[in-house]
Novice: 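For reference, the structure I am asking about is given below.
When reading the values below, keep in mind they use all heavy atoms of this one structure, side chains included, and skip hydrogens, waters and symmetry mates.
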Amino acid sequence: TNNIAIGNDAGGAITTGTDNVAIGTSALDAATTAVNNVAIGSSALGANTVGTSNIAIGTNAMLLLTTGTGNVAIGTNTLDATTTGVNNVAIGSAALGANTIGDSNIAIGKDALTLNTTGVNNISIGADSLATQTVGVRNVGIGKSAMTALTTGTDNIAIGATALDAATTAVENVAIGTDALGACTVGTFNVGIGDDALLVLTTATSCVAIGRDTLKAVTTGVDNTAIG
């Protein structure tokens with residue numbers, strides 16, 4: 001009851017599902033007992049059977065979702081590989097596009113977190129931010145290309161265009177400012193605040209740089225602190 005279906009095959013398999021909206025060819029076309037879903041766009045939520053409270057707007061948005069719950073996908077191919085993921089938000093073309101079962105991720109911007117598969121609790125805001133991460137956990141990337149090369153690193157924060165953009169498996173770093181910690185690949189426990197802070201650092205540990213260009217030339221040092 002209370003279902004709305006507009007378009008060829010839209011919501012065509014619903015049996016006892018309620019309060020669903022399907023607009024577009026094959027939108028929500030596999031749903032049977034699904035509840036409180038919104039699918040707008042060709043094939044949006046096309047594989048969903050019993051998932052609940054999902055919103056998919058855009059062609060192929062959440063295309064493969066079957067039983068996932070509480071996901072939001074806005075944009076072409078957003079969250080299109082997710083099957084059972086929960087509480088993910090993807091806004092922007094291909095955002096969280098490879099996510100399968102990852103939970104509680106937020107991706108806003110074209111290709112944001114686009115390769116994430118099973119990573120959880122990540123926040124990516126900005127085009128190409130965290131774009132190559134696959135299974136990383138609790139990373140925050142805000143700004144175009146922030147942490148764009150990260151794959152499996154955890155607990156990193158990058159705020160600013162290209163901040164921490166070379167990091168691959170880095171852990172527990174904080175980079176705030178354009179190009180901050182820009183060359184860091186596998187370094188750990190570093191803090192760089194200010195444009196170009198710790199700019200060429202690669203594998204150093206426990207360095208703190210606060211201020212524009214601080215510790216700009218350090219590559220592999222340990223336990224350095226520079227303020228101002």
Novice: Can you tell if the side chain of L65 reaches within under 4.5 Å of the side chain of L45, non-hydrogen atoms only?
Specialist: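 Sidechains of L45 and L65: in contact.
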
Novice: According to a 4.5 Å side-chain heavy-atom criterion applied to Ile, Leu, Val, Met, Phe, Trp and Tyr, with indirect links allowed, do I4 and V38 form part of one hydrophobic cluster?
Specialist: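 Shared cluster, yes.
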
Novice: Can you tell me how far CG of N156 sits from OG1 of T169, rounded to the nearest 0.5 angstrom?
Specialist: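 It is 9.5 Å, given to the nearest 0.5 Å.
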
Novice: Under 3.5 Å, side chain of T114 to main-chain N/O of A94, donor-acceptor pair present?
Specialist: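 It does hold such a pair.
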
Novice: Should I108 and I74 be counted in the same cluster of Ile, Leu, Val, Met, Phe, Trp and Tyr side chains packed under 4.5 Å apart?
Specialist: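 Linked within one cluster.
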
Novice: Do the side chain of N20 and the main chain of A34 share a donor and acceptor less than 3.5 angstrom apart?
Specialist: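 Pair found, side chain donor or acceptor close to backbone of A34.
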
Novice: Are any side-chain N or O atoms of S43 and backbone N or O atoms of N60, one a donor and one an acceptor, separated by less than 3.5 Å?
Specialist: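 No, the answer is negative, given that no donor and acceptor are paired below the 3.5 Å cut-off.
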
Novice: How long is the span from the CG atom in L63 to the OG atom in S42, to the nearest 0.5 Å?
Specialist: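 Spacing of CG (L63) from OG (S42) equals 9.0 Å.
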
Novice: Taking the side chain from N105 and the backbone from N88, do they hold a donor-acceptor pair closer than 3.5 Å?
Specialist: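 No; zero donor-acceptor contacts below 3.5 Å.
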
Novice: Can you see which heavy atom on A56 is nearest to which on M62, and at what distance?
Specialist: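 What the structure gives for the nearest pair is CB-CE, 3.8 Å.
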
Novice: Are L28 and I57 connected, step by step, through hydrophobic side chains (Ile, Leu, Val, Met, Phe, Trp, Tyr) whose heavy atoms are closer than 4.5 Å?
Specialist: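 No, separate clusters.
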
Novice: Without hydrogens or angle criteria, can the side chains of T82 and N99 be said to hold a donor-acceptor pair below 3.5 Å?
Specialist: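 The answer is yes; a qualifying pair exists.
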
Novice: For the backbone of N36 and the side chain of T52, can you confirm whether one donor and one acceptor N or O come within less than 3.5 Å of each other?
Specialist: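 The answer is no, because no donor-acceptor pair under 3.5 Å joins these two groups.
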
Novice: Under 3.5 Å, is there a donor-acceptor pair between the side chain of N122 and the main chain of R138?
Specialist: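 Yes: the side chain of N122 pairs with the backbone of R138.
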
Novice: Applying the 4.5 Å side-chain criterion to the ILVMFWY set and letting contacts propagate, would I55 and I6 be lumped into a single cluster?
Specialist: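 Per the 4.5 Å side-chain linkage, I55 and I6 are co-clustered.
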
Novice: Rounded at 0.5 Å granularity, tell me how far OG in S53 sits from CG in N37.
Specialist: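 Reported value, rounded in 0.5 Å steps: 6.5 Å.
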
Novice: What are the two closest non-hydrogen atoms of G68 and N54, and how far apart are they?
Specialist: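 Looking at all heavy atoms of both residues, the closest pair is O-ND2, 2.8 Å.
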
Novice: Quick one: does N190's side chain have a donor or acceptor within less than 3.5 Å of a partner on N173's backbone?
Specialist: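 Side chain of N190 to backbone of N173, a donor-acceptor pair under 3.5 Å: no, none is there.
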
Novice: Show me the pairs that pass side chain to side chain donor-acceptor pair (under 3.5 Å) and involve residues 21-34, at least two apart or across chains.
Specialist: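 The answer is none; no pair qualifies.
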
Novice: Below 4.5 Å, heavy atoms only, C-beta onward: do L164 and C184 meet side chain to side chain?
Specialist: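 When only atoms from C-beta onward are counted, C184 and L164 do touch, with a gap below 4.5 Å.
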
Novice: If we check side-chain contact (heavy atoms from CB on, under 4.5 Å) with L113, which of these qualifies: N139, L130, I125?
Specialist: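 So the option named by the test is L130.
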
Novice: Considering non-hydrogen atoms only, spot the tightest contact between A95 and A90 and give its length.
Specialist: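 A95 and A90 have their closest heavy atoms at O-CB, 3.6 Å.
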
Novice: Can you find a pair of side-chain heavy atoms, one from L96 and one from L79, that are under 4.5 Å apart?
Specialist: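 SC-SC contact between L96 and L79 confirmed.
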
Novice: Might you point out which heavy atoms bring T16 and T18 nearest each other, and give the distance in Å?
Specialist: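 For T16 and T18, the tightest heavy-atom pair comes out as O-CG2, 3.5 Å.
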
Novice: Could you walk me through whether I91 and T78 pass the side chain to side chain contact (heavy atoms under 4.5 Å, CB included) test, one step at a time?
Specialist: CA-CA 7 Å; I91 301 174; T78 49; over 6 Å; no

Novice: Taking atom CD of Q133 and atom CG of L115, what is their separation to the nearest 0.5 Å?
Specialist: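 One finds 9.5 Å between CD of Q133 and CG of L115.
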
Novice: Please tell me if the side chains of T162 and S145 come closer than 4.5 Å, counting only heavy atoms from C-beta onward.
Specialist: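 In short, these two side chains touch, coming nearer than 4.5 Å.
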
Novice: Is L201 close to L181 at the side-chain level, that is, under 4.5 Å between some pair of heavy atoms?
Specialist: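 Yes, side chains in contact.
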
Novice: Hey, is the main chain of T83 close enough, under 3.5 Å, to the side chain of T66 for a donor-acceptor pair?
Specialist: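 Yes.
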
Novice: Side chains of D195 and D179: closer than 4.5 Å at any heavy-atom pair?
Specialist: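 D195 vs D179: side chains apart.
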
Novice: Let me confirm one number: the CG-OG1 distance from N224 to T205, rounded to the nearest 0.5 Å.
Specialist: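 Those atoms lie 10.5 Å apart.
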
Novice: Do any N or O atoms from the side chain of N3 and from the backbone of I14 form a donor-acceptor pair under 3.5 angstrom?
Specialist: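 Flag not set: sc N3 to bb I14 has no pair under 3.5 Å.
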
Novice: Looking only at non-hydrogen atoms, find the nearest pair between A166 and G182 and report the distance.
Specialist: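 Smallest heavy-atom distance, with atoms named: CB-O, 3.2 Å.
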
Novice: Where do N87 and D103 land on the side chain to side chain donor-acceptor pair (under 3.5 Å) test, with the steps shown first?
Specialist: CA-CA 6 Å; N87 297 327; D103 294 338; over 6 Å; no

Novice: What are the two closest heavy atoms between A180 and G194, and how far apart are they?
Specialist: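 Taking every non-hydrogen atom into account, CB-O, 3.8 Å.
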
Novice: Measuring from atom CG of N71 to atom OG1 of T69, what distance do you get when rounded to the nearest 0.5 angstrom?
Specialist: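 Result: 7.5 Å between the selected atoms.
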
Novice: May I ask you to test the D128-K144 pair for a side-chain heavy-atom distance under 4.5 Å?
Specialist: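 Yes; the side chains approach each other to less than 4.5 Å.
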
Novice: Mark yes or no for whether D165, through its side chain, and A146, through its backbone, hold a donor-acceptor pair below 3.5 Å.
Specialist: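 Not at all, since once roles are kept as given, no pair shorter than 3.5 Å links the two residues.
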
Novice: Hydrophobic clustering (ILVMFWY, side-chain heavy atoms < 4.5 Å, transitive) - are I159 and V191 grouped together?
Specialist: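 As far as the 4.5 Å side-chain criterion goes, I159 and V191 are connected within one cluster.
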
Novice: Taking C-beta and beyond as the side chain, do T118 and T100 meet within less than 4.5 Å on heavy atoms?
Specialist: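 Answer yes - side chains close enough.
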
